[in-house]
Amino acid sequence: MFQLVKRNAEEDKTVHWKITALWGGKKVELRETQRAVTPFGGLVVFFEFLRRIGYCEAVREHLPFSLRSPNAIDPVKTFTAFLLSVVAGARRFAHTSLLRADTALHALLGISRFPIDDTVRNLFKRFGQGQCQRFFSGLWNWQFERLPECAAGYSLDLDSTVFERYGHQQGALRGPNPRKHGRPSHHPLVAVLAEAHFLLHGWLRSGNCGTSRGVVEFLKEALALLPGKHALRVVRADAGFFDQQLLGFLEQRGLPYIVVARLTLWLKREAARVTAWRALDPHYAVGEFSLQLFGWDRSRRFVVIREQLRAERPSLGRKLLEVPGYTFRVFVTNLVLPPEEIWRDYNRRSDMENRIAELKHDLAADDFCLQEFFATEAAFRSILLLFNLLGEFQRAAGLATYRQPATLRAQVFLCGALLGRAGHRLVLHLASSWGGLQRRIPLLEHVLTYGTSTSPKLHPLPAT
């Protein structure tokens with residue numbers, strides 16, 4: 001174990017400490033330094049990216065209020081401080097003070113006062129329903145200007161999740177909660193453009209909402225945000241969205257969809273009656289049927305996937321008493337593709353679960369909660385905005401594969417650094433043991449050329 005020994009040096013007023021290393025028995029002397037040190041030196045690449053895309057100007061343009069007090073901190077800086085705290089790993093509003101003592105980071109930001117956690121809370125408490133809608137809709141339109149086009153069209157995935165609450169916040173009510181039954185919660189709804197890892201829209205809903213409650217109005221807002229140059233290839237959703245209103249709305253808009261069917265009694269009977277099975281391999285077979293359920297305005301196509309039960313592999317489907325030895329999965333769709341293509345297309349929606357996990361585990365979207373409902377929604381949608389910024393940063397930095405926010409934090413943003421001076425210039429010394437500047441130069445080079453169009457005359461000729 002460590003051994004602490006305190007001694008006062010008569011020739012030096014500073015206090016020194018000595019410890020013994022855990023292994024080897026060597027003495028290590030501890031001293032204090034007045035130099036500005038930061039563990040987040042790698043954030044310089046992200047700061048350069050934000051400057052390149054005009055982040056500060058966009059937030060200032062769409063922020064629905066301003067402060068006139070000469071002592072007030074600029075709300076744009078307060079909003080940015082919240083986002084950077086989340087990037088650094090904050091999971092509560094109280095954790096935003098994590099960066100308040102990081103004077104080296106303040107110098108990189110160009111600010112002299114870093115807001116305390118109460119200042120961040122008070123900023124979000126100013127948001128009402130109208131301010132949330134105007135502010136975040138404007139920022140989403142600003143982000144869409146740089147979203148790359150997808151030739152085949154984007155896949156829009158719908159999903160919901162549960163944020164447990166401990167208190168008496170507005171909208172925190174008892175409802176469906178698979179982890180903690182009876183616990184008050186919020187029940188947010190999100191839509192993701194799968195190919196771009198882009199969160200198209202998000203709502204924070206009260207905890208007693210069903211999965212599909214308000215989904216048509218939600219989709220109307222989401223589609224209004226989507227520019228005309230971006231087409232949707234398909235809309236995918238799980239069984240919680242198996243609803244006549246949603247299906248009718250998608251058909252009215254001419255949108256292809258694949259939705260998992262909720263296996264009611266009538267659907268189970270129809271699936272059991274299928275006789276024309278087409279084997280895909282020794283374990284899987286596909287079939288289909290058409291059915292108009294009670295309350296529906298038309299008959300729709302259902303695709304059935306039958307899987308043989310095996311001892312060595314768990315099955316994802318549901319068992320039907322009428323057909324022992326198999327499990328079944330049923331999808332409703334308006335696509336005319338073969339059943340196996342419908343199944344494979346929907347299976348790619350599983351990546352949506354990763355987006356939900358990243359929001360909750362990497363960016364703590366479920367931990368920032370205030371008494372006022374729309375203040376909490378403003379914090380939630382701010383984290384959705386940050387998620388999109390981190391995704392765009394990866395495209396701008398030329399990263400070959402998508403990396404989760406926590407991976408970016410560990411591999412790029414974390415880097416010990418010292419702030420110094422060279423004449424009148426500030427200098428940040430990045431620790432080479434953390435990868436230093438050399439590892440981040442390629443990222444900076446890509447960021448500095450991000451979004452810059454060049455004349456065809458300047459393009460190099462192809463090699464012959």
Side-chain angles (χ1 to χ4, degrees), residues 40 42-63 76 79-88 108-109 135-151 153-157 190-202 222 225-232 351-352 354-359 362-365 380-413 440-453:
F40 300 106
L43 278 173
V44 293
V45 186
F46 189 58
F47 294 164
E48 185 61 28
F49 161 74
L50 295 180
R51 186 196 64 82
R52 183 71 184 175
I53 63 176
Y55 161 83
C56 296
E57 294 79 7
V59 174
R60 190 177 305 280
E61 177 185 354
H62 298 290
L63 200 63
V76 178
F79 182 76
T80 306
F82 171 74
L83 297 186
L84 294 180
S85 299
V86 176
V87 170
L108 298 178
L109 290 170
F135 178 55
F136 292 105
S137 296
L139 288 180
W140 253 255
N141 291 329
W142 166 71
Q143 287 188 317
F144 270 123
E145 296 174 359
R146 300 176 304 278
L147 186 68
E149 294 186 34
C150 185
Y154 281 109
S155 304
L156 179 62
D157 294 334
V190 292
V192 175
L193 298 179
E195 289 78 7
H197 303 97
F198 186 91
L199 293 169
L200 175 61
H201 197 24
L225 292 172
L226 190 67
K229 66 178 181 178
H230 297 296
L232 291 183
D351 198 38
M352 175 73 182
N354 293 330
R355 305 291 85 75
I356 297 291
E358 290 162 13
L359 287 173
D362 295 359
L363 300 179
F380 169 65
R381 296 186 67 175
S382 299
I383 293 178
L384 300 188
L385 173 72
L386 173 62
F387 182 93
N388 289 341
L389 287 174
L390 292 174
E392 185 181 357
F393 165 74
Q394 298 188 56
R395 294 193 294 271
L399 297 180
T401 57
Y402 175 79
R403 303 185 189 183
Q404 296 179 346
T407 304
L408 278 180
R409 182 185 301 133
Q411 295 184 351
V412 180
F413 300 150
R440 291 161 179 84
I441 284 179
L443 306 181
L444 284 168
E445 289 176 341
H446 281 91
V447 166
L448 289 173
T449 58
Y450 178 61
T452 303
S453 58

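These numbers come from a predicted model, not from an experiment. Position 1 is the first residue of the sequence; numbering continues from there. What's counted below: heavy atoms across the whole structure, side chains too, no hydrogens, waters or symmetry copies.
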Could you measure the distance from the [atom1] atom of [X] to the [atom2] atom of [Y]? Nearest 0.5 Å is fine.
X      : Y      : atom1 : atom2 : answer
Leu226 : Phe144 : CG    : CZ    : 5.0 Å
Trp140 : Leu225 : CH2   : CG    : 8.5 Å
Arg51  : Leu448 : CZ    : CG    : 7.0 Å
Asn141 : Phe136 : CG    : CZ    : 13.5 Å
His201 : Leu156 : NE2   : CG    : 11.0 Å
Gln404 : Arg355 : CD    : CZ    : 7.0 Å

**Message:** Could you go through Trp142 and Ile53, starting from their C-alpha distance and side-chain angles, then the distance that decides it, and tell me whether this counts as side chain to side chain contact (heavy atoms under 4.5 Å, CB included)?
**Reply:** CA-CA 10 Å; Trp142 166 71; Ile53 63 176; 3.6 Å; yes
Please give me the minimum heavy-atom distance between [X] and [Y], naming the atom from each residue.
X      : Y      : result
Pro405 : Leu363 : CB-CD2, 3.8 Å
Val45  : Arg440 : CG2-CB, 3.9 Å
Ile383 : Ala365 : CD1-CA, 3.6 Å

**Message:** Any heavy-atom pair between the side chains of Phe46 and Leu83 that's under 4.5 Å?
**Reply:**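 Result no, sub-4.5 Å side-chain heavy-atom pair not found.
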Under 3.5 Å donor-acceptor pairs involving side-chain atoms of residues 384-401, not counting sequence neighbours:
{"unit_1": "Asn388", "atom_1": "OD1", "unit_2": "Leu199", "atom_2": "N", "d": "2.8"}
{"unit_1": "Asn388", "atom_1": "ND2", "unit_2": "Gln143", "atom_2": "OE1", "d": "3.4"}
{"unit_1": "Asn388", "atom_1": "ND2", "unit_2": "Leu199", "atom_2": "O", "d": "3.1"}
{"unit_1": "Glu392", "atom_1": "OE1", "unit_2": "Arg146", "atom_2": "NH2", "d": "3.2"}
{"unit_1": "Glu392", "atom_1": "OE2", "unit_2": "Arg146", "atom_2": "NE", "d": "2.4"}
{"unit_1": "Glu392", "atom_1": "OE2", "unit_2": "Tyr450", "atom_2": "OH", "d": "2.9"}
{"unit_1": "Gln394", "atom_1": "OE1", "unit_2": "Arg403", "atom_2": "N", "d": "2.7"}
{"unit_1": "Gln394", "atom_1": "NE2", "unit_2": "Arg403", "atom_2": "O", "d": "2.8"}
{"unit_1": "Arg395", "atom_1": "NH1", "unit_2": "Ala196", "atom_2": "O", "d": "3.4"}

**Asked** Mind checking what makes ring-ring contact (aromatic ring centres under 6.0 Å, His included) contact with Phe380, not counting sequence neighbours?
**Response**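 Here the qualifying residues are Phe163.
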**Item:** Partners passing ring-ring contact (aromatic ring centres under 6.0 Å, His included) against Tyr55 (at least two apart in sequence or in another chain)
**Value:**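 Here no residue qualifies.
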Could I get the full list of side chain to side chain contact (heavy atoms under 4.5 Å, CB included) partners for [X], not counting sequence neighbours?
X      : value
Val76  : Val59, Arg60, Leu63, Asp74, Thr80
His446 : none
Glu149 : Lys229, His230

Just to verify, what does [X] make a side-chain hydrogen bond (donor to acceptor under 3.5 Å, both in side chains) with, not counting sequence neighbours?
X      : answer
Asn354 : Asp351
Thr407 : none
Glu195 : Ser155

**Residues which pass salt bridge (Lys or Arg N to Asp or Glu O under 4.0 Å) with Arg409, listed by chain and number, not counting sequence neighbours** =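 Testing Arg409 for salt bridge (Lys or Arg N to Asp or Glu O under 4.0 Å), a comparison that skips the adjacent residues, returns none.
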**Whether Asp362 side chain and Ala406 backbone form a donor-acceptor pair below 3.5 Å** =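 Confirmed, Asp362 side chain pairs with Ala406 backbone.
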